[in-house]
Novice: 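Here it is: the structure, laid out below.
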Amino acid sequence: MLVIWVSGMVTPVLRRDALDADDSAFLATLLQAGLMLFACGLIGGSELGEWFHRRETGRQAVEQTDQRGRGDHA
């Protein structure tokens with residue numbers, strides 16, 4: 001959320017500076033796009049890590065169930 005907030009604050013900060021309007025617009029576009037892509041990468045990485053964690057946890061639960069099942073019938 002902080003990265004998205006910083007991305008939203010780029011334009012007002014650049015408008016307040018003494019840059020030309022064209023320079024300010026160019027920098028704002030680049031910074032906002034870069035920060036938004038960075039935020040998307042962080043969110044995507046977090047979701048992917050959670051997906052792998054859930055998949056591994058589910059696999060371990062199935063293995064434990066299989067081991068208990070074999071132990072009861074043997």
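Position 1 is the first residue of the sequence, and the numbers go up from there.
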Novice: Is it true that a side-chain atom of Ser46 and a backbone atom of Leu42 form a donor plus acceptor pair closer than 3.5 Å?
Specialist: no
Novice: Between Arg54 and Glu50, is the closest basic N to carboxylate O distance under 4.0 Å?
Specialist: yes
Novice: If you group Ile, Leu, Val, Met, Phe, Trp and Tyr whenever their side-chain heavy atoms sit less than 4.5 Å apart, what else falls in with Trp51?
Specialist: Leu48, Phe52
